[in-house]
Protein chains: 2
Amino acid sequence: MAEGGPQTRRSTPATLHDVAREAGVSLATASRSLNGSVRKVNEEYRERVLAAAAKLGYTPNLSAQAVARGTSTTVALLVADIADPYFSSIAAGVVGAAGDDRLIVTMAETKRDAERELELVRAMRGQRPRVMILSGSRTIGDPNAVALEAELTAYEQTGGRAVFISESDLPFRTLPLANRSGARDLAVELHGLGYRRFAALTGPETLRTTHDRVAGFAEGLASVGIRVPDDRLVRTAFTRDGGYDGMRRFIEAGLGDTQVVFALNDVMAMGAMSAMRDAGLEPGRDLAVAGFDDIPTVRDVTPRLTSVRMPLERIGEQALRLALDDEADAASARAASADVSTEVVIRESTPRVEA
Amino acid sequence: MAEGGPQTRRSTPATLHDVAREAGVSLATASRSLNGSVRKVNEEYRERVLAAAAKLGYTPNLSAQAVARGTSTTVALLVADIADPYFSSIAAGVVGAAGDDRLIVTMAETKRDAERELELVRAMRGQRPRVMILSGSRTIGDPNAVALEAELTAYEQTGGRAVFISESDLPFRTLPLANRSGARDLAVELHGLGYRRFAALTGPETLRTTHDRVAGFAEGLASVGIRVPDDRLVRTAFTRDGGYDGMRRFIEAGLGDTQVVFALNDVMAMGAMSAMRDAGLEPGRDLAVAGFDDIPTVRDVTPRLTSVRMPLERIGEQALRLALDDEADAASARAASADVSTEVVIRESTPRVEA
DNA sequence: TTGAAAGCGGTACCAC
DNA sequence: GTGGTACCGCTTTCAA
């Protein structure tokens, strides 16, 4: 391209001022016609302003509005990894619900790093978001927790609303997820199918979600008098690759007489099934597999994966509702969490055990 | 919870003013110490300001900064459906790259609706984002195209940068995706494996991506003297359920002697494989299947899915780079698109055809 | 270097 | 109802 060639004149966006002048009314009137709360503007003026705005291609400057009004229309969302179906589904719920309320959602990734998360919270506060939703699981004994609490407390004290998806131990609104009871139910159902010898592919023990799901699963089994041997609790990363790697190691170390392995989330389960195949084992036949979350793709793997359904999109929606709902008394929180309860979905990866 | 219980006093965030007062310096000095471009502030003052800011928990108000500076640090991202792995991977790329540049990304979903997309572009302009990335495929003959072009032109004229991921016909920067050549390569490779009779599960014919992939596939086959019969081009939705439904219909209508079906994207392919199984057919054995995009989960389905790899995260990154790169001469665009080229990945879903 | 002050684009209170 | 105007929080000239 030729340099210095003809170039459309670069201008600046039309301002409310421009609109008012064009319409021949005052700034105040223009503001009222375009955004004003209760309409109390002469119809004729109103129309002139609207016409002027259209003609000029005026779009209100949200930043300016935020400054003037002292409140923004932003909701900040923190996820561990947006490419992970668990988080992208939650994000879809948040984005959808936010759109309904004409709120804008900004997003950042913690990469499962507590330090980074803290920095991000700090950075996002700069946007003065109305709501901040933190969706990664908490880390037990996280040294950053106190700093995070301080940061969020300051945030709330200045008018913001922090919401955790999944329990946090921190004193903020929380959308509790039925990790524990879901895992418990799963254990019982599996027992009902005839399974007696279990293993689990778990995440870092400091991850609260890991802890809750393992605990729930153990409880469920305990209720029928079964225990998972320690050497059948394989610790690995909470990701697909973690699932693959954990299963590979487990196979190498010897499955023993294990009948079914509970992978703490679906992506891990999917990785685990791949590892089995790579080792010449057929999931569902040589070893049953169950996951957790019920992400959409578990219907499309073979065998279809038994899982614990979490209504992820709805969880995203409810988290936002919980934050926005200002009479967020216990009742509303209860309603929200009831709405996101789990359900065990038995599929082919855990066939009934023949007697 | 008791109503009207003790409640921490709700205050407003510390302002630069507060910091300046606390540090005993002027507003200007405080501003310069905290953000100022070239440092030219007495070290002692600087420290006092920093200390005051820390003490007060000061975070600059991004909106106010945007208003005062006349430029924001926002990048707006439009996707069709964030829960779809294709888009969530691209989003991950954008979010990652934006984070490196300390940019904030805001996201909205078009739900594949051109009307809605137009509205969203309009709404997002209110944020005065530095960059706007539109990642859904274009619709051929979209009546909204002219309005969209007008809106984006106005946006660019006022300093913004619009970038399309995938060709658009609209006069804006574009990160071209190798849909056509990728599909062409796939066709040739499949032919090389011995396949001779093809079918395709395609999206709406008005969807540019559909068009390009179908055209490329047809070209590739044409180069080896093969043609896909019209009645083996099944039109369906560009989603997992579309793939399922299209395959179901195709099976009902009769597969004939079809050897392999090309699903225009991986999620469709996964749906299609499930439909086959539900109909008692084994993918890869009774009928080969190939997809496109190479989303992460295709490694974990059975049989592993042959696909055309698109470096989705990198695509997201490059789209942002392309927008930000101000000497975005042809060279940079070329470099970016070279970086996002495709590669056919043959897996078990398309076994070599025995002679 | 530092500080006073004039904006930036809007909102909303206060008279008229 | 309408317009004048004092802010909102921050940046950036411009003098001192």
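A note on names: the letters A, B, ... follow the listed sequences, proteins ahead of strands, and every chain is numbered from 1.
- Applying the salt bridge (charged side-chain N to carboxylate O under 4.0 Å, His left out) rule to pairs touching residues 93-104 of chain A yields A/Asp101-A/Arg321, sequence neighbours excluded.
- Taking side-chain N and O atoms only, A/Asn35 has a distance below 4.0 Å to OP1 or OP2 of C/dT11.
- Note: CD (B/Gln65) to C1' (D/dT12) measures 13 Å, nearest angstrom.
- Residues passing the side chain to side chain donor-acceptor pair (under 3.5 Å) test with B/Thr29 are B/Ser26, sequence neighbours excluded.
- Following rounding to the nearest Å, B/Arg69 (CZ) and D/dC10 (C1') show an atom-to-atom distance of 8 Å.
- Counting only residues at least two apart or on different chains, the side chain to side chain donor-acceptor pair (under 3.5 Å) pairs with a member in residues 114-123 of chain B are B/Glu117-B/Arg138, B/Arg122-B/Glu151.
- The list of salt bridge (charged side-chain N to carboxylate O under 4.0 Å, His left out) pairs with a residue in residues 58-68 of chain A, not counting sequence neighbours, is empty.
- B/Asp113 meets the salt bridge (charged side-chain N to carboxylate O under 4.0 Å, His left out) test with no other residue; sequence neighbours excluded.
- A/Tyr155 and A/Arg161 make their closest contact through CE2-N, 3.3 Å (heavy atoms, listed as atom of the first residue, atom of the second, distance).
- Listed by first and then second residue, the side chain to side chain donor-acceptor pair (under 3.5 Å) pairs involving residues 72-82 of chain A amount to none (not counting sequence neighbours).
- The CD atom of A/Gln127 sits 10.5 Å away from the CG atom of B/Asn61 when rounded to the nearest 0.5 Å.
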Tabulate atom names and distances for all N/O pairs under 3.5 angstrom spanning the protein and nucleotides 2-5 of chain D.
residue	atom	partner	partner atom	Å
D/dT2	OP2	A/Asn42	N	2.6
D/dG3	OP2	A/Ser26	N	3.4
D/dG3	OP2	A/Ser26	OG	3.3
D/dG3	OP2	A/Thr29	OG1	2.5
D/dG3	N7	A/Arg32	NH2	2.6
D/dG3	O6	A/Arg32	NH1	3.2

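- For the atom pair CG of A/Leu320 and CD1 of A/Ile90, the computed distance is 13.0 Å after rounding to the nearest 0.5 Å.
- Legend: residues meeting salt bridge (charged side-chain N to carboxylate O under 4.0 Å, His left out) with A/Arg112, ordered by chain and number and at least two apart, are A/Asp84.
- Take B/Asp18 and apply the side chain to side chain donor-acceptor pair (under 3.5 Å) test, not counting sequence neighbours, and it matches B/Thr15, B/Arg21.
- The terminal axes of the helix from C/dT1-D/dA16 to C/dC16-D/dG1, fitted over 5 pairs per end, subtend an angle of 40° to the nearest 10°.
- Of all the residues in residues 48-64 of chain A, A/Tyr58, A/Thr59, A/Pro60, A/Asn61, A/Ala64 reach under 4.0 Å from DNA chain C with at least one non-hydrogen atom.
- Each of A/Leu175, A/Val105, A/Leu77 was compared with A/Ile133 under the side-chain contact (heavy atoms from CB on, under 4.5 Å) criterion, and only A/Leu77 meets it.
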Next on the checklist: One pair to check against side-chain contact (heavy atoms from CB on, under 4.5 Å): A/Met132 and A/Leu78. What are the steps and the verdict?
Outcome noted: CA-CA 8 Å; A/Met132 192 131 66; A/Leu78 248 46; 5.6 Å; no
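- Residues from residues 13-22 of chain B that place a heavy atom under 4.0 Å from any atom of DNA chain D, listed by number: B/Thr15, B/Leu16.
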